[in-house]
2 protein chains.
Amino acid sequence: MFKKVLIAEDHDTENIAVQITLRDLGVESPKYVYYCDHALNWIKNAIRDGEPYDLLITDIEFEADGNVQAIPDGLALIKVVKEIQPEIKTIVFTGKDRSTTINALFKAGLLDGHVVKARRGGQYLREAIQAAYQNRIYQSPDIQKIAQERNSHEFTQFDMHIIRLLYEGISQKEMPEYLRQREIRPSSLSSIEKRLNLMKDVFGFTKNEQLVAHCKELKLI
Amino acid sequence: MFKKVLIAEDHDTENIAVQITLRDLGVESPKYVYYCDHALNWIKNAIRDGEPYDLLITDIEFEADGNVQAIPDGLALIKVVKEIQPEIKTIVFTGKDRSTTINALFKAGLLDGHVVKARRGGQYLREAIQAAYQNRIYQSPDIQKIAQERNSHEFTQFDMHIIRLLYEGISQKEMPEYLRQREIRPSSLSSIEKRLNLMKDVFGFTKNEQLVAHCKELKLI
DNA sequence: TTTGCTTTTACGGGTTCCCGTAAAAATGCC
DNA sequence: GGCATTTTTACGGGAACCCGTAAAAGCAAA
């Protein structure tokens, strides 16, 4: 089993639970931190001392508090860590998933495991750790289900721009101007309308309210 | 300290973390379950055997899975439990809060503590348990902050009906009819418009999309 | 019952949004 | 380059939504 493991997780209860899982798997004294910046420091120092970490388990979302952090979330943490220590294994253990970004990490070879916190989150985390130790990629079963549910539509950058503008309260009429300023194409009102209609059609929605709320629910915005 | 404590929490990791917190506080063998229905059974049986539970710690949201449950969530669980055992102490330990319903429970005397899962969730849970043991009411500090943030507006039943209809894709034009069928008053289009304007005004929104997304984010719908 | 106040409803004009069609531009292929 | 296909844009009529005003209904106290 892994010798040196680092946990980055802001919720104290989840952090403890992950520690226990690791000890249970034979990791003697997993190191745990509550901030991404701290995680990076420990990884840097471990490399400097010639005893680098074997595995990083991190949450994605870290709640902001008084302590200002350079690294805002687990995704950014993984990217930085993988730059300075490419061979380290990484697992994300997160509440709600954001499959698009997660998948990007997988494709980029930056990620070895992905587990969502749910009924059997701890159990799946164990499996992910063991899989990573055997150089296998792991995704918890619930994710595949989620991916299926929404397989119908791949959100493009353009889609996300429109949704985000809607969420910010910009009227459709004003959008072409905004998009042109940011040099996003297409930018015409017709294109925006057409794309919105397509998205609503895919999900069976009739109103933009539903679409925006749905994206918010999926944490796409 | 409490002798008999029951934990109802669907996420296995959180469940373990709560168990550890309890053991740490001197509760010898806390009972834990993953479903509300199971929780109610254990409480009933304990009463029957003349050794009722002293404290119930429960999550609010329980993810649906194959096993169909009569009691859908922690709020319903508390209501039922308090009917058959009014003197039991209750603490909710939950991810995102829904202050309106929680406050209703407090007012009804059904609740002794409320802690949100966050950075210091475990720490605050300890404090809540100790407070309950001393017959004090406890709310974790973050909640007051959340309450302040949205202090501006108390959502009425009417508000929630409108938002929910919007979320379901009903057009404003059709809403009066829906509301009349469900015997909700007021029901006129003007009243709906006026109320929507007021809500948007309070939050500084310009469009319904923002309002619905915001409510979705707060898990009010 | 009357009076005064609040809440609810009704209505109308102006704007935005929805939706279909058709022209223009971009893209790809030979 | 020339042609076919796809994408993007432009435009116009009709529906829904926004917003202000004013009438009607509900309600409390005298």
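The sequence lines fix the lettering, A, B, ..., with proteins before strands; numbering per chain opens at 1.
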If the threshold is 4.0 Å, N to carboxylate O, is there a salt bridge linking K89(B) and D54(B)? no
Terminal axis angle for the helix from dT1(C)-dA30(D) to dC30(C)-dG1(D), five pairs an end, nearest 10 degrees: 30°
For DNA chain C, the residues among residues 161-168 of chain B that have a non-hydrogen atom under 4.0 Å from it: none
State yes or no: are the ring centers of F2(A) and Y133(A) separated by less than 6.0 Å? yes
Is there a donor-acceptor pair under 3.5 Å between the side chain of D73(A) and the backbone N or O of E61(A)? no
Inter-residue atom distance L6(A).CG - W42(A).CH2, 0.5 Å rounding: 9.0 Å
Give a yes or no on this: more than 12 heavy atoms of other residues, nucleotides or ligands lie within 6.0 Å of atom CZ of F158(A). yes
Mind running side chain to side chain contact (heavy atoms under 4.5 Å, CB included) on K79(B) and L105(B) for me, showing each step along the way? CA-CA 8 Å; K79(B) 285 172 189 165; L105(B) 282 187; 4.0 Å; yes
Aromatic plane relationship, H214(B) with F203(B) - under 30° parallel, 30 to 60° tilted, over 60° perpendicular: tilted
I need the I192(B) CD1 to K194(B) NZ distance, nearest 0.5 Å. 12.5 Å
How long is the gap from CG on L77(A) to OG1 on T90(A), to the nearest 0.5 Å? 9.5 Å
Within residues 185-194 of chain A, those residues having any heavy atom closer than 4.0 Å to DNA chain D are P186(A), S187(A), S188(A), S190(A), S191(A), K194(A)
Whether Y124(B) and Y138(B) hold their rings parallel, tilted or perpendicular, with breakpoints at 30° and 60°: tilted
Strictly by salt bridge (charged side-chain N to carboxylate O under 4.0 Å, His left out), give each pair with a member in residues 115-134 of chain B just once, sequence neighbours left out. D65(A)-R119(B), E9(B)-K117(B), D24(B)-R126(B), D59(B)-K117(B)
E168(A) atom CD: more than 12 heavy-atom contacts under 6.0 Å: yes
Answer yes or no: is there a side-chain heavy-atom contact under 4.5 Å between K44(B) and I84(B)? yes
Each nucleotide N or O in nucleotides 14-16 of chain C that has a protein N or O under 3.5 Å away: list the pair and distance.
{"from": "dT16(C)", "atom 1": "OP1", "to": "K173(A)", "atom 2": "NZ", "distance (Å)": "3.1"}
{"from": "dT16(C)", "atom 1": "OP2", "to": "K173(A)", "atom 2": "NZ", "distance (Å)": "2.6"}

Using the rule given for side chain to side chain contact (heavy atoms under 4.5 Å, CB included), can you reason through L189(A) versus M175(A), listing the C-alpha separation, both sets of side-chain angles and the distance that settles it, and then say yes or no? CA-CA 7 Å; L189(A) 191 57; M175(A) 284 189 193; 5.8 Å; no
Tell me, please, the opening and closing nucleotides of DNA chain D, 5' to 3', among those with an atom under 4.0 angstrom from a non-hydrogen atom of chain A. dT8(D) to dC17(D)
Nearest 0.5 Å, what's the OG1-CG distance between T13(B) and N15(A)? 11.0 Å
